[in-house]
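Note on naming: letters A, B, ... go to the chains in the order of the sequence lines (proteins, then strands), and numbering restarts at 1 for each one. What's counted below: heavy atoms across the whole structure, side chains too, no hydrogens, waters or symmetry copies.
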Amino acid sequence: MKNITIAVFCLLLLNACRKDNSKFDGPSIQDLYSNFKLIDNFKCDKDSVSFAAGEVSHFTASFNKAVKWQISITGTTSKAQKIITGQSKTIDANNGTWNGSTTVFPIFGVENCIAKLTVEGVTDSFLLPIKIRSTKVNNGLVIADFENGFNSAWTKFAQSGANMDFNVKADTYAPQGAKYLNMAGTVNWDWCIGYIDFPATAYSASNTLALATNPDAVFFNCLIYGVPNTNSSLVLFQFKEDENADGIFNAANEDEYDYQIDVNWSGWKLVTIKYSDVTSMVNGQPVTPKGNSQHNPNKIGKISMYHLANKDNGFASCKIDYLIFTSSPIEP
Amino acid sequence: MLFLLFSIGALFAQQKRAVDFIGGARSMMSNNRILVTDSFPDTLTTKRNTGGYALIDLGVNIKPNKNTEILGMFRIRNQYGGFWGSGVSFDVRQLWLKGVIANVVRYQVGDLNLKQTPFTLYNHHADKLDSLPAIFNFQNQIISYEKFYLNNTWRQQGVNLDFGLKFSKYLKEADFDGYLTRLLATDFAKVPDRLMGGFTVNILQSKNFGFGYNNFSVFDVKGTIIDSNRYRNLVNTFSFIYKTQIKNKPLEIKAEAGRSLSETTENITASSMQDYFIHAYTEFKLPKQHLNLSLGYLNVGPDFRSIGAQSKNVNYNATPEFYNRYGNAQSSRPLSVMDIIRNDNLYTTSVNSNLMVTSPIYNNILPYGIATFNRVGAYLKAKFDNQKGITCNATHNNLSEIRGQGTFALKKFTQTKVNAALEINKIISTKRSFKIQAGLDLQSTMRKSQVEVEHVKLNTLIMTVGLEYELFSNIDILLGTINVNNKGNDFSDSRNAYSVVDYLTNVNYDLHQQITAFGIRCRFSDRIYLCGNYQYSNYNDKLNLNPQYKLNQFAITYNMTF
């Protein structure tokens, strides 16, 4: 019995020193309650950058505690903006890299920019100049950027409603390049205000688009501008697969996939969808495709783009630009 | 109803079966007044409040045969001014049946008062003020009666079985005790059926050595809701007791150690918690000196979770019985020491699956009793009772965190409690009872760090003084006062549903509370009394985080049990 007692007390003595210094419970008090201090100044590894050559910019800074921070880079000419956010004690290549992409459109041009670091709860901000020597290049199949106006191979239809405008414009609204398509009008007898057909033959000698066969590796992207205080526009894309590649889309026995966008925002917005996620629809309701029921991006024979709006709600307007297929979601 | 009960009694009497009526009755009438001191005069709070109630608990204890016993108890309660239906309630207060199967296994179904060990299932009453003067103690005893606080039990509903075996060789005896109760009832949507079960095996090897195994578990019943995520809390402990003598003076060594597991089966954000604890103490008795000394060691891991032992009996999120809003801003009135002493609606009856909120104002050292997680250290206790009217209990806790909260720096906790009572009638040999008692509880929480914002320094001083004097035969004068002072700062943790800390708030205290009471009590018997008392309390937050208020009360209480 004595031995048992001694053993138990030895065990207790061993445990007497138990401390768990590997971690602590909850958020750091230091982070929550100490005053902010900038330890390492806000810097960029380049004062000018050529994104077209594959260069990127790395921003760096460090603080005395973990903070919520934001770097906003603004083009002095275009007013384009890139916003990078994070919550950490340091900004480095892992969380503070800019590849030339845009958050707030228009897309950056060759121009001077100002990078501004702000920290939540801190009134001071930190500024850096940076120059874009060449802009980011997005690889993919461009369906339309309207820089050369209307392609003669496209088919356009616009209703004869009031205040109709279905034309390429060149003004300060352009989010990419210098031009975009304006779609507007009042059609009080039909939801369709107008449409454009983009046939595959406009891009290659083949009857189908030169895209990958894997629908998970094909992304359709475009920039759409919502006009405030107008009838909400619907933009409907119909991807018509010419499965037998005979140059004719047969709706009775070939697949059509649809993507309808409710333009319920103001300003430019990037819309991206993976091709395998688009579905067959009739009047907005899902239906079974009529063909092989497989997403075949390499068999797309025609893309129809409709501008729709509720006929009872009057004038509808939106703008569109930079329709492009890419192999991953685009960062324009 | 009474006719029916008496008829049942008469019937069983004719059949020579025992029928007893048990229960109690109480009437309480009070007049309350609040006085608020704020930067703007309080023109919105109704200053006075008068009310009261009368209730009777009537239970029938039936023994239909020598092996079976049944108890059913009803409560009829009436708010004063609430006759003819309004304010009258009729409830079932107790219902149980117990008996013996084959003269071996004892069972009880229905209401159960359950207790295992301090780390498995145990109602610690962690915030109860020690050495409560009699003028406050009778109010606290009413709460204990209302909430079925018998020693350290929790009131549950379910089934309980126990039996014992005696051996002729190697072992002396073995006792088995098991229970299964329902903690939550499903709503068929989000709340599952949650059961609580456990068992204890205690083996006495000899008169000097015994050991035991304790199991406690809480678990959700699969399929009682659509959500397949289920909660589980499992605690297994071993305990032993060893008795010996040093120079003919008895010495006892007791220890308990075990592990806990707390998890939800399908939640990837809340990983399962596992940890262990060790609690050991030795008790040395010096009969000639009327002294008992205990030295204990405590080590409870930061992730040790045992909801049966870590449920608090005070719910600090509950609203007080009256004046729950006050001041011109009609802000929530912070609970005062008067609420803690007399408001039974702040107290819980059952084990709570979620980790309950603690109050550093009353107990920052061991807020969940000795089962408080994240504590390591030692304690010393001394008890003196000369059997001639002088008693004194002293405790000193010296503890530390095991894992830091929001920092690697650890908090240190020290607590010194001294309670003394003098029964002057015994000292000077007079017939009439004359008792003076006093208590002191000094708590200190400290954390020093290289970073100033992590510093913690919170001091708490709780003092009690009471007097009980039998002025005439069975008529007592009662006096008492309690002071609670808190000064300093500590970080209050807010925890998510899985008891993981998600925020720490630095709370500053400079709080002074006082309650003073006097009254007169007439004892008709040991079980029946009538007491009139007046008590006034003061809640003074010197940091002006809450407006200062005074709460005064005059009450007449008649209480009996039978």
Trainee: Can you tell me which portion of T505(B) sits under 4.5 Å from chain A's heavy atoms? Options are side chain, backbone, both or neither.
Mentor: both

Trainee: Give me the contact list for residues 29-40 of chain A versus chain B, heavy atoms only, anything under 4.5 Å, ordered by residue number.
Mentor: I29(A), Q30(A), L32(A), Y33(A), S34(A)

Trainee: Not counting sequence neighbours, which residues clear ring-ring contact (aromatic ring centres under 6.0 Å, His included) with Y275(A)? List them please.
Mentor: F239(A), H295(A)

Trainee: Does the Lys NZ or Arg CZ of K411(B) fall within the cation-pi geometry relative to F413(B) - under 6.0 Å from the ring centre and within 45° of the axis?
Mentor: no

Trainee: Decide whether T272(A) and N221(A) meet the rule of one side-chain donor and one side-chain acceptor closer than 3.5 Å.
Mentor: yes

Trainee: Go through the side-chain N and O atoms of Y213(B) and N236(B) and say whether any donor and acceptor fall under 3.5 Å apart.
Mentor: yes

Trainee: Looking at residues at least two apart in the chain, or sitting in another chain, which of them share a ring-ring contact (aromatic ring centres under 6.0 Å, His included) with F237(A)?
Mentor: F220(A)

Trainee: Tell me if the CD atom of Q450(B) is crowded by more than 12 foreign heavy atoms within 6.0 Å.
Mentor: no

Trainee: So which residues of residues 54-73 of chain A are in contact with chain B at a heavy-atom cut-off of under 4.5 Å?
Mentor: none

Trainee: Less than 4.5 Å to any heavy atom of chain A: does that hold for the side chain of D493(B), its backbone, both, or neither?
Mentor: neither

Trainee: Is F491(B) close to Q405(B) at the side-chain level, that is, under 4.5 Å between some pair of heavy atoms?
Mentor: no

Trainee: Will you find, in the side chains of N99(A) and S101(A), an N or O donor that is under 3.5 Å from an N or O acceptor?
Mentor: yes

Trainee: Picking from V451(B), L298(B), T407(B), which has the most non-hydrogen pairs under 4.5 angstrom with chain A?
Mentor: T407(B)

Trainee: Mark yes or no for whether S499(B), through its side chain, and L355(B), through its backbone, hold a donor-acceptor pair below 3.5 Å.
Mentor: no

Trainee: Quick one: do the N506(B) and N489(B) side chains pair a donor with an acceptor below 3.5 Å?
Mentor: yes

Trainee: Decide whether N298(A) and T213(A) meet the rule of one side-chain donor and one side-chain acceptor closer than 3.5 Å.
Mentor: no

